[in-house]
Amino acid sequence: MDESVATRSRPSASEPKSSAFDLLAEPVRRWIWRRRWTGLRDIQEQAIPRLMHADGDLILAAATAAGKTEAAFLPLISQVHEDHSGPGFDLVYIGPLRALINDQFRRLEDLCEALKMKVHPWHGDIPAIRKRRARENPRGILLITPESLEALFVLRGVEIPRLFATTRAIVIDELHDLLDSERGVHLRSLLTRMELAVGRRIRRIGLSATLGDMALASAYLRPEAPDRVEQLISRAYRSELRVELRAYASSQPADRTFLDEDEDGGRGNASAPGAVGEHIFENFRGQSNLVFAGSRREVESYSDVLRTISERKRIPVEFFPHYSGLTREHRNFVEKRLKEGKIPTTAVCTSTLELGIDIGSVDCVGHIGPPWSVASLRQRLGRTGRRPGQPAVLRMYAVVPQLHARLRPVQLLQLGLVRSIAMIDLLVDGWCEPPAKDALHLSTLTHQILSVITERGGASAQRLYDTLCIRGPFRTVDTQVFASLLRQLGSLDNALIEQASDGSILLGRQGERIVEHYSFYAAFQTPQEFRVVHRSTALGTIPVTIPLSKGMTIILVGKRWRIEFIHFRERTIEVETDTRGAPPIFGGYPGAVHDTVVQRMRDVLSDEAMPPYLDSVAQEVLIAAKAAYRQSALEDRPLVRLADDRYLLATWTGTIKSMTLAIVLTALGNSVEVFDGMLEVSPLDPDIDLVDQLKAIATGQVNLSSLVKVGEGVLEFEKFHRFLNTDLLAIDALSTRLDLDAVPEIARLCVGPLD
DNA sequence: GACCTGCTGCGGTATG
């Protein structure tokens, strides 16, 4: 870990010399000197004078392990040391993961001990007695999660002004993860409420690795004054990037077990995923690596393939699955092997290992299938190439439909491979998705309405609006929407809120029940799950939505099992070992691919250029896809009639706009399938004329918003949505997941000039 | 055609 903080020298080295260093408090300088750093990191040199000489908001953006935490804390701690005025926490650090808070605690503990400054880690695993002591004698540094901070507001509302009376700064780690998400909006609401409680502005410092749009990031850190947020961006320690994209043609249906010995008899004529497994086995073995797969199901499949190959070759297994559904014990086992780096280990994982805890630098990042976003791809690549002179290595695998087989026109375009290429190209260009903006977040607003009422023991409608929508982050919610939200929450059979005779708003009976339970503190939803157990040893969990039955075989933790008993009431499944099994389908709502990615995909299909990082199969597949694109005539007109009265409709937009048009066309009596940048449409009734429908949409003759309300399944996707009516759900969805305004223009492009 | 994240107070009983 020392290496991740600053360059170490030989014992003979002298004290680091820089003007930034001289600004730090004497005991901090002494601590650095004792640790024999030869110098400060680039981001530290930049940040120290800004933090010591001013009190403005600041974003520190630099690569993982570039020393951002110290860049913020060395000067802030120096300031506190020279001018402490308690009681109250002097500094607050907000981290999105418990493990991250534990990591930061260990890093700050030693320095703070030297300065006789207290550090208080505070999250769900910290014993209540420790939290009580911190609350009774608040000083030093508080390291806390957004949810634990929420719990403080709900349970200790009256103590908030005292706890944060002297707070100088709030450091927000992994800022990119807390922008326009439910959690990000929740946190920003808490920060505003904290300032309102103490009656003054508190400096905000955001730490981040990946930020697509720095101006938007400033607006999120300080909505009322984004221009006054200073940004320090360190481009030091950027390493060379080496990319390879390999394609594997498969004729197998996707839901088959990838390497079933009963089918191929172990003779090696494996399916394409089996061949991907063989390549990973040969090229990743003996090192530390991460292999990202698109879903938990794929993680299980490839873990099973890699375990089977290892056992067949009588080699100790060094490939392990890692995702949130597996037990803490198993995940710790994999993380510890990666962190210590003594035994070769490859984690096959979902986004669990994308950010947060420090697992050191891995040799290579593998990626099976196209990523969901360029931002996430960049974050994943940040796990490799972190040692000086070490390149970042990315091996991407695309499993594509077999060439020359009888494929549907949309399959001939090989959109999976094309998306992988588009995303790699955008990554190299330095582009990544900007955070969504202008979303209403009515679910999180409901959460915060209940929280503010509890904190203050009741509040007027005006005060709630002022706190949350004028001062706080819900700025796109106007008074009309806010009033109808309050009416809705008060009008339910079991009202969440009610109005007292003096006009103030209080919690209703159901509101009280919800706020009193500890599950209230998180603003995001958690699905219900079954625990899977083998002879009293827990293996992991799977969502209750998966259809399961006794005798069924499944793959879990990369091994094969047979279901013996399902205890529905206890939500537990007992399993025994088996030789067969397929990974469960975990389900979920599909991710949204950005407009810019789809536009680049169109360029990849229409350009002559051949990316240099493709293997020979990928080249062949791309050449065929380009030819199919030219033959499809999609380049000249976006609407192409296929056989069987079906149509291919190119929107050339990202998922949100394509999905909105799909919902409208479905409501008009068509069967619609959504792909990247295009729809396959089949009218269900021979009397339906799709061209006429598109003309009507283009000229505004169809009432789009009334059609969207039909798709209610699409509208409920956040924790408190179940308390809202269809009108509120629709305007919330239209602010984030749907885009009705874009639909007429797409329709117009499809049907050409209108008379 | 997806992934991840978080969580308190109190009452019961056993032990020194």
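Heavy atoms only: backbone and side chains are in, while hydrogens, waters and symmetry mates are out. Every chain is numbered from 1 and lettered A, B, ... according to where its sequence line falls, protein lines coming before strand lines. Predicted model only: the values in this text are computed from it and were never measured.
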Out of [options], whichever nucleotide has its closest atom nearest the side chain of [X]:
{"X": "A:Arg419", "options": "B:dG6, B:dG1, B:dC7", "answer": "B:dG1"}
{"X": "A:Tyr521", "options": "B:dG6, B:dT5, B:dT8", "answer": "B:dT8"}
{"X": "A:His123", "options": "B:dG6, B:dT8, B:dC7", "answer": "B:dC7"}
{"X": "A:Ser295", "options": "B:dA2, B:dG6, B:dC4", "answer": "B:dA2"}
{"X": "A:Tyr518", "options": "B:dC7, B:dG9, B:dC4", "answer": "B:dC7"}
{"X": "A:Ser148", "options": "B:dT5, B:dC4, B:dC7", "answer": "B:dC7"}
{"X": "A:Asp676", "options": "B:dT8, B:dC3, B:dG1", "answer": "B:dG1"}
{"X": "A:Arg98", "options": "B:dG6, B:dC3, B:dT5", "answer": "B:dG6"}
{"X": "A:Trp372", "options": "B:dA2, B:dC4, B:dG6", "answer": "B:dA2"}

Which whole-number value in Å describes the distance from [X] [atom1] to [N] [atom2]?
{"X": "A:Glu150", "N": "B:dG9", "atom1": "CD", "atom2": "P", "result": "13 Å"}
{"X": "A:Arg328", "N": "B:dT5", "atom1": "CZ", "atom2": "C1'", "result": "12 Å"}
{"X": "A:Arg132", "N": "B:dT8", "atom1": "CZ", "atom2": "P", "result": "15 Å"}
{"X": "A:Arg513", "N": "B:dG9", "atom1": "CZ", "atom2": "P", "result": "21 Å"}
{"X": "A:Met678", "N": "B:dG1", "atom1": "CE", "atom2": "P", "result": "17 Å"}
{"X": "A:His186", "N": "B:dT5", "atom1": "NE2", "atom2": "P", "result": "18 Å"}
{"X": "A:Arg380", "N": "B:dC4", "atom1": "CZ", "atom2": "C1'", "result": "10 Å"}
{"X": "A:His517", "N": "B:dT8", "atom1": "NE2", "atom2": "C1'", "result": "9 Å"}

Tell me what [X] touches on the nucleic acid: a base, only sugar-phosphate, or nothing, going by heavy atoms under 4.0 Å.
{"X": "A:Phe520", "result": "nothing"}
{"X": "A:Val154", "result": "nothing"}
{"X": "A:Ser519", "result": "base"}
{"X": "A:Arg331", "result": "sugar-phosphate"}

Whether [X] and [Y] hold their rings parallel, tilted or perpendicular, with breakpoints at 30° and 60°:
{"X": "A:Phe320", "Y": "A:His330", "answer": "perpendicular"}
{"X": "A:Phe89", "Y": "A:Phe164", "answer": "tilted"}
{"X": "A:Phe717", "Y": "A:His721", "answer": "perpendicular"}

Looking only at the side chains, is there a donor atom on one of [X] and [Y] sitting less than 3.5 Å from an acceptor on the other?
{"X": "A:Arg193", "Y": "A:Ser451", "value": "yes"}
{"X": "A:Glu182", "Y": "A:His447", "value": "no"}
{"X": "A:Thr352", "Y": "A:His322", "value": "yes"}

Quick check: on DNA chain B, is the nucleotide nearest A:Gln525 upstream (toward 5') of the one nearest A:Gly294, or the reverse? Name the residue that is more 5'.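 The residue whose closest nucleotide sits nearer the 5' end is A:Gly294.
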
On DNA chain B, check which nucleotide each of A:Leu155 and A:Pro96 is closest to and give me the residue with the more 5' one.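 Result: A:Pro96.
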
Has [X] got a side-chain N or O lying under 4.0 Å from the OP1 or OP2 atom of [N]?
{"X": "A:Ser324", "N": "B:dC4", "answer": "yes"}
{"X": "A:Thr145", "N": "B:dC7", "answer": "yes"}
{"X": "A:Arg296", "N": "B:dA2", "answer": "no"}

